[in-house]
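A quick write-up on the structure given underneath.
Residue numbering restarts at 1 for every chain, and letters A, B, ... go by the order of the sequence lines. Nothing here was measured: the structure is a model prediction, and the numbers come from that model.
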Amino acid sequence: MCLGTPYCRRVEGNYAEALDLLPGIVSRLHAAGKRAYVTTPAAPRQADLPHVARLVDAAAAAGADALEIHNLGVLRIVREKGGPVPAHMGAYANVYTHLAAAVMRDAGAVRVRPNAEVSLEEMAILAREAGVEVEVLVHGKIPLGVTDRCFLLTEPEESDPKCPSACREVHWLTSRRWVLKTVGKGVLSGRDMCLLEHLPRLVADGFRVFRVEGLYETAAYRSEIGAAYREALTRAFAGGSFALEDRWADVARRHAPRGLCNGYCFGTAGRTYVGSVLQDANPEV
Amino acid sequence: MAELLASGGSMEMVREAFDNGADAVYVGATGWSRRRSEYEMDDDAIVEAARYARSAGRILRVAFNTLPASSEVPLFFARTDALYAAGVRDFILTDPGLMMALKNRHPDTILHASVGCTIINIQDALFYKEAGASQVVAECRMGKATMRRIKAEAGVGLEVLVHATTCYTLLGRCTMSSYTKYGHRVDASGKDHFPGSPNRGGLCYRICLTDWDRVDAAGELEASGVVLPNRAYFLADDIPYLIDHGVDTIKIQGREYSVPLVGRMVRFYRDLIDACVRDRAGFRMDPWRERMARIVADRDAERREKTADLISESLDR
């Protein structure tokens with residue numbers, strides 16, 4: 001489980017901000033046999049760096065298994081501290097090539113999540129050549145952009161009464177044929193990335209780290225989508241024939257009011273769906 | 001003194017920029033910069049532009065600032081090797097892996113970390129310095145205090161965009177355009193092309209500049225006509241400050257503007273910088289404002305037209 005949000009420090013319940021809560025939640029996850037990662041801000045300004053340094057120390061002291069890092073300056077801070085926690089490069093770190101991943105590896109990264117635009121074919125080359133784990137987003141909203149001003153507020157953050165409640169609610173941006181989701185300082189895909197029917201290929205390609213993105217989603221979303229993928233991945237790893245269960249497909253559809261897509265995995269526009277089972281949710285394909 | 005760096009989207013624009021006083025001009029290698037090919041240059045044109053720059057005692061900088069596919073890396077070296085052999089030494093890159101590899105291959109190259117690197121703090125600047133960059137482009141909204149610290153502590157050159165675009169998101173950290181319209185093809189040389197992705201050498205369709213509504217979970221309208229800011233700015237007022245604080249390069253973006261407009265912009269900044277340096281104590285901005293306003297009006301008109309075309313194109317099937 002990845003704790004915290006990369007978008008905003010003011011989100012209520014953000015573990016990356018409430019440092020005193022980290023030891024307790026990390027312990028609980030470890031007791032449950034889970035790993036605990038802590039995300040760092042995606043776009044830390046100079047003034048944010050002292051907090052980032054404290055966050056790195058707190059995550060290390062709490063026994064976190066890794067830090068998710070989106071900013072190369074933050075990776076450097078972790079390296080300067082002697083790498084007290086392994087680094088995972090996040091979606092905004094702009095990993096496109098195996099050469100970039102190797103530079104990050106040499107700076108302490110053990111895992112990378114390539115930019116959303118990187119296809120599965122490219123990810124396979126990257127994994128093979130760079131000597132790092134590659135994390136594949138298999139389900140959830142695709143991060144499309146990050147900013148450092150909240151666009152859900154009409155007043156400055158410090159004075160707007162809607163902060164931090166505004167980003168707990170669901171907000172879509174709609175125009176023409178396009179739907180995006182905004183979380184204030186982040187722009188996410190409107191459709192949900194879904195690779196359920198493609199899992200056997202991912203396993204065959206050698207990928208071993210799969211992410212279900214549930215940030216800014218409900219508890220039901222996280223538990224039901226997570227359970228479907230746990231079962232589907234177990235089936236995919238078992239080998240043999242693999243057919244999409246109706247109950248997995250139902251869960252995916254139910255939690256994706258704006259439809260499903262599979263991002264850039266197959267070299268197409270991020271909102272298209274390539275497949276044979278779930279594409280009925282995307283009549284434009 | 002700060003270098004004035006201008007855009008060269010064609011040989012004609014390169015000449016216009018140099019002739020109007022640019023100290024350096026950047027051009028994009030076809031398929032390898034953050035614009036589509038009509039604003040980029042092939043190797044023969046780049047070599048010709050570099051020759052023109054040398055004859056005028058100026059610098060030509062070549063942008064290979066896409067974030068490419070791993071499979072394109074050999075093509076990157078083939079292309080940069082050829083330009084290196086022709087005497088080109090100045091490059092603008094984004095991918096830290098390519099940066100380090102090119103520096104190892106040709107240690108006398110001068111590498112600048114592109115605006116696509118989104119360098120927003122001093123540690124970022126240091127990371128790219130370690131990757132081989134001798135100069136970094138400040139993120140468009142970087143505050144002056146951070147600029148001062150980078151200049152004082154990082155030991156790396158600093159480039160500031162005085163004429164550019166501030167996107168809704170952080171430039172270099174946005175894939176909104178490719179999410180809506182994207183394509184992928186491999187040409188005969190093995191080069192990948194990704195129309196719709198500025199990060200990958202395609203085009204930003206500026207979909208953020210369309211009219212958006214914000215709706216809630218139930219589809220109820222919360223706000224209509226939401227504006228996602230993506231503004232072209234013109235920071236003439238900051239130039240005295242940038243000069244005073246030792247900023248190394250003052251940069252004007254705009255390969256997509258018309259050649260005469262680029263020429264006027266370069267001439268305006270050249271004259272302003274020279275006037276400021278000539279008499280720093282007596283320098284006042286006011287006399288410059290009317291000339292600046294006319295250029296801004298013409299720039300905005302060209303940009304509006306371009307934006308409408310791009311949004312329209314993004315809706316094409």
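Most heavy-atom pairs under 4.5 Å with chain A, from the set B/Asn199, B/Ile150, B/Ile119: that is B/Asn199. Considering only heavy-atom pairs separated by less than 4.5 Å from chain A, the leading option among B/Cys174, B/Gly97, B/Ala223 is B/Gly97. Options B/Thr175, B/Asp192, B/Leu98, B/Thr146 differ in how many heavy-atom pairs under 4.5 Å they form with chain A, and the most are formed by B/Thr175. Counting heavy-atom pairs under 4.5 Å between each of A/Ile125, A/Asp148, A/Leu49 and chain B puts A/Leu49 at the top. In terms of heavy-atom pairs under 4.5 Å with chain B, the best-connected choice from A/Gly190, A/Ala116, A/Pro44, A/Ala43 is A/Pro44. Most heavy-atom pairs under 4.5 Å with chain B, from the set A/Gly145, A/Ala100, A/Gly267, A/Ser175: that is A/Ser175. Counting heavy-atom pairs closer than 4.5 Å to chain B, the top-ranked of the candidates A/Thr182, A/Leu144, A/Leu152 is A/Leu144. With chain A as partner, the option from B/Arg173, B/Glu130, B/His184 having the largest number of non-hydrogen pairs under 4.5 angstrom is B/Arg173. Ranked by heavy-atom pairs shorter than 4.5 Å toward chain A, the options B/Ile122, B/Thr169, B/Val215 are led by B/Val215. Contacts with chain A were tallied for B/Ala69, B/Ser178, B/Gly172, B/Pro96; B/Ser178 has the most, counting heavy-atom pairs under 4.5 Å.
The cationic group of B/Arg105 lies under 6.0 Å from the six-membered ring centre of B/Phe77 and within 45° of the ring axis, placing it in a cation-pi geometry. Remark: B/Lys144 is positioned above the aromatic ring of B/Tyr241, its terminal NZ or CZ atom under 6.0 angstrom from the ring centre and at most 45 degrees off the axis.
Looking only at atom types and distance, the side chain of A/Thr272 has no donor-acceptor partner in the side chain of B/Tyr182 under 3.5 Å away. Residues B/Glu222 and A/His171 have side chains that bring a donor and an acceptor to within less than 3.5 angstrom of each other. A donor-acceptor contact under 3.5 angstrom links the side chains of A/Thr39 and A/Glu68, judged on distance only. Under the 3.5 Å distance criterion, with hydrogens and angles disregarded, no donor-acceptor pair is assigned to the side chains of B/Thr180 and B/Tyr205. In this model, a donor atom of one side chain and an acceptor atom of the other lie less than 3.5 Å apart for A/Arg176 and B/Thr210. Between the side chains of B/Ser70 and A/Glu129, not a single donor N or O lies within less than 3.5 Å of an accepting N or O. Checking A/Tyr221 against A/Asp192 by side-chain atom types alone, a donor-acceptor pair falls below 3.5 Å.
Proximity to chain B involves both the backbone and the side chain of A/Arg45, based on heavy atoms less than 4.5 angstrom apart. Interface remark: B/Val73 contributes side-chain atoms only to the contact with chain A (heavy atom separation under 4.5 Å). Residue contact with chain B, scored on non-hydrogen atoms closer than 4.5 Å, involves the backbone and the side chain of A/Val146 alike. Contacts of A/Leu173 with chain B are made by both backbone and side-chain atoms, with heavy-atom separations under 4.5 Å. Heavy-atom distances place both the backbone and the side chain of B/Asp213 under 4.5 Å from chain A. Looking at A/Val179, the atoms closer than 4.5 Å to chain B (heavy atoms on both sides) all sit in the backbone: N, CA, C or O. Heavy atoms closer than 4.5 Å to chain B are found in both the backbone and the side chain of A/Leu72. Both the backbone and the side chain of A/Thr174 come within contact range of chain B, each with at least one heavy atom under 4.5 Å from a heavy atom of that chain. Interface remark: B/Met100 contributes side-chain atoms only to the contact with chain A (heavy atom separation under 4.5 Å). There is no contact between A/Ala102 and chain B, counting heavy-atom distances below 4.5 Å. Of the two parts of A/Asn115, only the side chain, counted from C-beta on, holds a non-hydrogen atom closer than 4.5 Å to a non-hydrogen atom of chain B. For a residue to count as touching a neighbouring chain, one of its non-hydrogen atoms must lie under 4.5 Å from one of that chain's; by this rule A/Glu80 touches chain B with the side chain only. Looking at A/Ala107, only its side chain comes within 4.5 Å of chain B, counting heavy atoms on both sides. Using a 4.5 Å cut-off between heavy atoms, B/Ala101 touches chain A through its side chain atoms alone. Residue contact with chain A, scored on non-hydrogen atoms closer than 4.5 Å, involves the backbone and the side chain of B/Arg141 alike. Heavy-atom distances place both the backbone and the side chain of B/Tyr168 under 4.5 Å from chain A. In this structure, the portion of A/Pro143 lying under 4.5 Å from any heavy atom of chain B is its backbone and not its side chain.
Taken to the nearest 0.5 Å, the CD atom of A/Glu217 stands 8.0 Å off from the CG atom of A/Leu188.
Among residues two or more places apart in sequence or in another chain, the side-chain hydrogen bond (donor to acceptor under 3.5 Å, both in side chains) test is passed with A/Gln46 by none.
Under the 30°/60° scheme for interplanar angles, the aromatic rings of A/Tyr92 and A/Tyr7 are found to stand perpendicular. Relative orientation of the B/Phe76 and B/Phe64 rings is perpendicular, given thresholds of 30° and 60° on the angle between their planes.
A donor-acceptor distance shorter than 3.5 angstrom exists from the side chain of B/Thr118 to the backbone of B/Leu171, with no hydrogens or angles considered.
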Go through the steps to decide whether A/Glu213 and A/Lys181 satisfy the test salt bridge (charged side-chain N to carboxylate O under 4.0 Å, His left out), and finish with yes or no. CA-CA 14 Å; A/Glu213 185 58 87; A/Lys181 186 176 180 183; over 6 Å; no
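Within a 6.0 Å radius of CD in A/Glu158, other residues, nucleotides and ligands contribute more than 12 heavy atoms.
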